[in-house]
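Have a look at the structure below, then the notes.
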Amino acid sequence: MLEKTFRPADVEAPLYSLWEAAGAFAADRDSSKPPFAVMIPPPNVTGTLHAGHALDMTLQDVLVRWRRMQGHDVLWQPGTDHAGIATQLVVERMLRAEGTSRLAIGREAFIARVWAWKEQSGGSITNQLRRLGASLDWGRERFTMDAGLSAAVREVFVTLHRQGLIYRDRRLVNWDPEFGSAISDLEVESREVRGHLWYLRYPVADATGEFVTVATTRPETMLGDSAVAVHPEDTRHAALIGRQVVLPLTGRLIPVVADTYSDPEKGTGAVKITPAHDFNDFEVGQRHGLAMPQVLDGQARIVLADIEEQLRAVEGVADPEFVRSLAGQSREAARIAMIAEMERLGLLDRVEPHTHQVPHAERGGAIVEPRLTTQWYCDAKRLAAPAMAAVQQNRMQFVPRQWENTFFAWMRDIQPWCISRQLWWGHRIPAWYGADGEVFVAHDEAQAQAQAAAHYGAPAELTQDPDVLDTWFSSALWPFSTLGWPQRTPELQRYYPTSVLVTGFDIIFFWVARMIMMGLHFMNEVPFRTVFLHGLVRDEQGRKMSKSLGNGIDPLEMIDQYGADALRFAVCSMTGLGRDARLGARRVEESRSFVTKLWNAARFCEMNGVRPATGFDPHVARHPLSRWIIAEAQQAAADANAALEAFRFDDYASSAYRFTWNRYCDWFLEFAKPILSSSVHPEAGDVRAAAAYALGLILRLLNPVMPFVTETIWADLGYGERGDLITTAWPIGDDGLQDEAVSREIDWVVRFITEIRTVRAEMNVPPARMAPVLLRDAHAATVERAQSWSEAIGRMARVSEVGVLEGEMPRGAAQLVLEEATLVLPLEGLIDLEAERSRLQREDGRLLAETEKAERKLANPDFVARARPEIVEETRARVQGFRNDRARLQAALRRLD
RNA sequence: GGGCGCGUAGCUCAGCGGUAGAGCACUGCCUUGACAUGGCAGGGGUCACAGGUUCAAUCCCUGUCGCGCCCACCA
C-alpha cells in the first residue's frame, strides 16, 4: 500500500543504491543495443553542487534515462576536474589560516597537501550528484589528473609539440599579478571603470619650451615608454616625426614615430608607446624596432632593472633619485607618486575624468597586466580549421542552431592559446631544459634524458619546466581520454564519437570548441554529434546567481525540502530552447504539488483495485472511457517523445503534466469513479485495466524526470519489481489507438458538464442544490448520449436528472446552447431573470462580434480567391455555427419573456 | 565599435501567418470518502512602438525605443 503521503527522503537513497547495485547505470559495451554516450562536463573535484549543476545534470539524466528506456546501451561517463587555479586557491587559503603558505612548505609538500584535500572533499560533489538521482556509470569514474588521463595529456602535448602545434614564444600575455600567473584571453573580462585621463607633457629635445602632450590612463607605465607615436597624416604633429623627446622623470630620450595606430581623434593625437605593457604598443614597438623595457614585475610592482642604466638627471624634467624611490612600489602607489612629481615639474597638462574598460581577471578580479614573458602556446588557428569544417558539413550540430554563429565568429579569429600557468596544481609541462636552455619535450624524464644524452653526446643535468598546463587543456581531451585513449580500447571504439554533449553556452570557447579541435586532431572524428547548449540558471528576478549576491538557491536544500523529483521537474519544465532558466524555491514547490498529485492519483487507483492487467491489449478496450484515455495517453506519449527528440524539455514536462493532471485526474478518474468503486459493474474490469494501462504509461513517461516517485509507485502497484522501471520500455505512441468517435463523445460530455458548471457558478446556485437538465431540440442520438452519461453528469455537474423538455418552458430557468441542443436548467427562485437575460445577451453579443469579423473576411473577394480553400471553408463553417448558436440563444431570450 | 538574443495577462513564460494560451498570483464558491500540496468557476492582454509585405501579421521584413549577453577596445 502506498503511504498517505510521499516522503522523498525515505525512498531516494535506498532506491538509488538499489539501481546502482543492480547495475542499471552501467554501460554494457558487449550488448547488441545501439550505443548512446554522454560525457559529463566534469565538475570541480573539490566543488559542491550548485543550481547550474542541477540544471545541467538533470537535463543529461533525463536524456540518458529516456534513451535507456528506449533500448540504448547508455554510457553516461562520470568524472571530475582538477580545476587548477580554483583548487590551488582553496588549499592556499587553508594554509594561510594555518599561518603558513605554499612557498613556505614548498612544491612537493604543497601538492601532497592538495591531493589530501582532494581525497577528503572529492567525494562530496559526486555524492551530491547521486542525491540528484543522476544515473552515471560510476564504475567508470575518471579524474583529469588520474594516471590514465595524465598520460593522455602528455601524449597530446608531445605529439602537438612534435607537429609544431605547441611551441614556446616570448610575447605579451595577460598576467594576473595576484596569482602571479599567465591566464588566457578567455579568462579576462573587461569591466567599466571610472578613472582619469592624464595629459602629460614630454619636452621636445633640443627645443626649449616645446612639448608634445600625450594622454594616458596609465601614467605609471611611462617609465617603460620607448616612443611617442603620431599619425603620419596628422599635420599637427608632422614636424615632430623623427625628432626625440625627453621622457620625463627618467630623462631617457625616445623618438617620435609615425604610425597609423595613433588615432588623431583620441586624446591629443600623440600617444605614448609602452611596448612591454600594452598589446597595441607591443605591435607598434615591433614595427619600429623599439626597445621593450619592463617596468612592472610579476606582482605589478615597479622594477627598474631594464632602465636603471639609462636614467639621467635633466633639470626640471627628470630626477633619477625620484625614479629609484619608486622601485618596489605597487602600480597604484607609483601612479600617485608619479602624478604628483609630474605636477610639481609643471609637466602635468591637465586631468580629465574618463570612463573606460579595464581588463580584470574573471576569477579573483585582479586588474590584468599585459606582461612580456615566455610561455607555451598552442596553435589554435591550425586546429580550428577542421573544427569549423566539421560543423559546416553538419558532421555535428549545435542546438539551438544560432550558437553555430558564435562558434564560427570566434574560431575564424582565434588567437594562439596560452597553455602554461605559473601554478603548482595541475599537469606539469613535460618539457625539460638543459643547462644551455635546450628544450627536451618527452613523455617522462627518462625519455628526456635519453634525448639530452643524444643531443649533447653525454648524460646531462636537466630541469623540468616548473609550469603546469591550463586546466582546460586536459578538459579538451575528456571525450576520448576518459575512454582509455591513447590505448585503442573497445570503449573508444564503441562510444566515440559520443552522442550528445549537454552544457551551458558560457563555455563554448573554453571547452566545447577545444574538445572539437582536439577530438578531430587526435581521433579524426568529432567528439559528439550534437551539442545541446542550455541557458544559465538565474534567480526569480532574472539575476545571475552568485555567491556575492547570495541569491543562489541550494539544490541540496531544495532536495531536502521538496524532494529530488520536484527539483528535477522544475528545472526541466523551465528549460526552453535558448533561454535562461529562472529558478526559485517557488517553482520547486509547485513541482512538488505535481509529484503529490501523481502520488494521490496512484493511491486512488490502488484503493480502487486498479492493477496492471497481464496481457491487457489496449486495442480491444471496450468502454468509451477506456478507449478515450488510452488514445489520450498515446497522444501524450507521442508528444513527449517528439519534445525530447527536439531537446524541448519544457514541452516534454508540460505534455506529461497536462495529460496526468488535466486529462487523467480531472476527467478520466472523475468519470470512472463509480465504475472503479463497483465490484459488480459489467465494465469494471475493462475500465480498471485501461486505468492501469494509462497510469503505467504516465509512470514510464515521467520516469526520466521524476525517477523516484514513479519507481516507487511502479513497484507498489505491482507493475514490476522495485527498481526495474528504469529499464522498462519507453512508451511509443500508437496512432492505431486513436478513436475519433469516442473522442468526440467524451469531448461533448466534458463541454456539457463545463457549461452547466459555469452557469451554476455565475448564477450562484448553491452546490448542494441539485437541479435537473432538460434537453430541447436535441437529436435522438444526443438525448441518448446525455442519458448514457447521466450518472457522471449528475455527479460532476450537480444534476439530479437528465430529461427532455416536454411542453411549457419552466419558469425561472437558465438556458445554454450546446451544438444543436439547448439545455434548460429549471432553477426557479434561484436565478435572477434579469441576470440570466443579460448573461444570454452578453453571450449573444460575443457571438455577434465573432460572426461579423468572419463575415467581413468572407465579403472580401480577395480572401475568397486567394486564401487556402480549407481556410475559406473553415471560416464559412464558423459563421454557420455562430448563426445557429445565435438563433438558439435568441430563442432562449424570447422564452424568458 | 561588431554581433546575438529578448520585449505576449500582475509575475514567469509558451505560441510564431487565419478563433491569443499555460502555470503561479488574484476573485468567488466548495471540509463532495485520492489529493485543501485539493476541486469548480471567474476577471485580466491596442501580443513594446512605427512603417512595409500579404487576401490576412503577435507571428515575415525594415526602422525606432527598452532590456540582457558575447566579442573587441586601459590615449
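Proteins come first, then strands; the chains are lettered A, B, ... in the order of their sequence lines, and each starts at number 1.
Nucleic acid contact for A/Thr5: none, since no nucleic acid atom lies under 4.0 Å from a heavy atom of the residue. Across all strands, A/Glu590 comes closer than 4.0 Å only to sugar-phosphate atoms, never to a base (heavy-atom distances). Among the heavy atoms of the strands, none lies under 4.0 Å from A/Ala409. Note on A/Thr406: nothing from the nucleic acid sits closer than 4.0 angstrom, heavy atoms only. At a threshold of 4.0 angstrom between heavy atoms, the contacts of A/Phe279 with the nucleic acid are absent. Base contact: A/Val368 has a heavy atom under 4.0 Å from a base atom. Among the protein residues, A/Arg218 comes within range of the nucleic acid bases, having at least one heavy atom under 4.0 Å from a base atom. Among the atoms of the strands shown, base atoms are found under 4.0 Å from some heavy atom of A/Arg592. No engagement by A/Asn764 is indicated, since no non-hydrogen atom pair under 4.0 Å with the nucleic acid exists. At a threshold of 4.0 angstrom between heavy atoms, the contacts of A/Arg412 with the nucleic acid are absent. Among the protein residues, A/Arg798 comes within range of no part of the nucleic acid, since none of its heavy atoms lies under 4.0 Å from any strand. Within 4.0 Å of A/Val214, counting heavy atoms only, lies no atom of the nucleic acid at all.
With B/A34, B/A75, B/G39 as the choices, the nucleotide that has an atom nearest any side-chain atom of A/Asn600 turns out to be B/A34. Of the candidates B/C35, B/A14, B/G18, B/G18 carries the atom nearest the A/Lys857 side chain, counting heavy atoms from C-beta on. Residue A/Pro767 has its side chain nearest to B/C30 when only B/C30, B/A75, B/C71 are considered. Of the candidates B/A34, B/A41, B/C29, B/A34 carries the atom nearest the A/Leu669 side chain, counting heavy atoms from C-beta on. Listed candidates were B/A14, B/G38, B/C70. Nearest to the side chain of A/Phe509 is B/C70.
Side chain A/Ser190 to base B/C73: a donor-acceptor pair is found below 3.5 Å. For B/U37, the base has no donor-acceptor partner in the side chain of A/Ser593 [N/O atoms by modelled type, under 3.5 angstrom].
If you take atom C1' in B/A9 and the same atom in B/G51, they sit 27 Å apart, rounded to whole Å. Taking the C1' atoms as reference points, B/A50 lies 27 Å from B/C13, given to the whole Å. When the C1' atom is compared between B/G7 and B/C16, the two are found 15 Å apart, to the nearest whole Å. Comparing the same atom, C1', in B/A36 and in B/C30 gives a spacing of 10 Å after rounding to whole Å. The P atoms of B/C26 and B/U64 are separated by 42 Å, rounded to the nearest whole Å.
Residue A/Glu589 contributes atom CD, which lies 10 Å from atom P of B/U37 at whole-angstrom precision. Spacing between atom CZ of A/Phe594 and atom P of B/U37 amounts to 18 Å, rounded to whole angstrom units. At whole-Å resolution of the value, CG in A/Asn405 and C1' in B/C71 are 14 Å apart. Per the geometry, CZ belonging to A/Arg846 stands 11 Å off P belonging to B/G43, to the nearest Å. Distance, A/Asn280 CG to B/A72 P: 13 Å, rounded to whole Å. Rounded to an integer number of Å, the gap from A/Ile339 CD1 to B/A75 C1' is 13 Å. Spacing between atom CG of A/Leu197 and atom P of B/C73 amounts to 18 Å, rounded to whole angstrom units. One atom, CH2 of A/Trp410, and another, C1' of B/C69, lie 18 Å apart when rounded to the nearest Å.
Between the side chains of A/Glu755 and A/Thr758, not a single donor N or O lies within less than 3.5 Å of an accepting N or O. Using a 3.5 Å distance cut-off with no hydrogens or angles, the side chains of A/Asp650 and A/Ser573 do not pair a donor with an acceptor.
Remark: A/Gln357 CD is packed, more than 12 non-hydrogen atoms of other residues, nucleotides or ligands lying under 6.0 Å away.
Place A/Tyr657 and A/Trp667 on RNA chain B by their nearest nucleotides, and A/Tyr657 ends up nearer the 5' end.
Comment: A/Arg846 engages A/Glu843 in a salt bridge, judged by a side-chain N to carboxylate O separation of less than 4.0 angstrom. A salt bridge links A/Arg839 with A/Glu836: the closest approach of a Lys/Arg side-chain nitrogen to an acidic carboxylate oxygen falls below 4.0 angstrom. Between A/Glu369 and A/Arg371 there is no salt bridge, since none of the side-chain N atoms of the basic residue sits less than 4.0 Å from a carboxylate O of the acidic one.
Taking the six-membered ring where the residue is Trp, the centroids of A/Phe6 and A/Trp599 are separated by under 6.0 Å.
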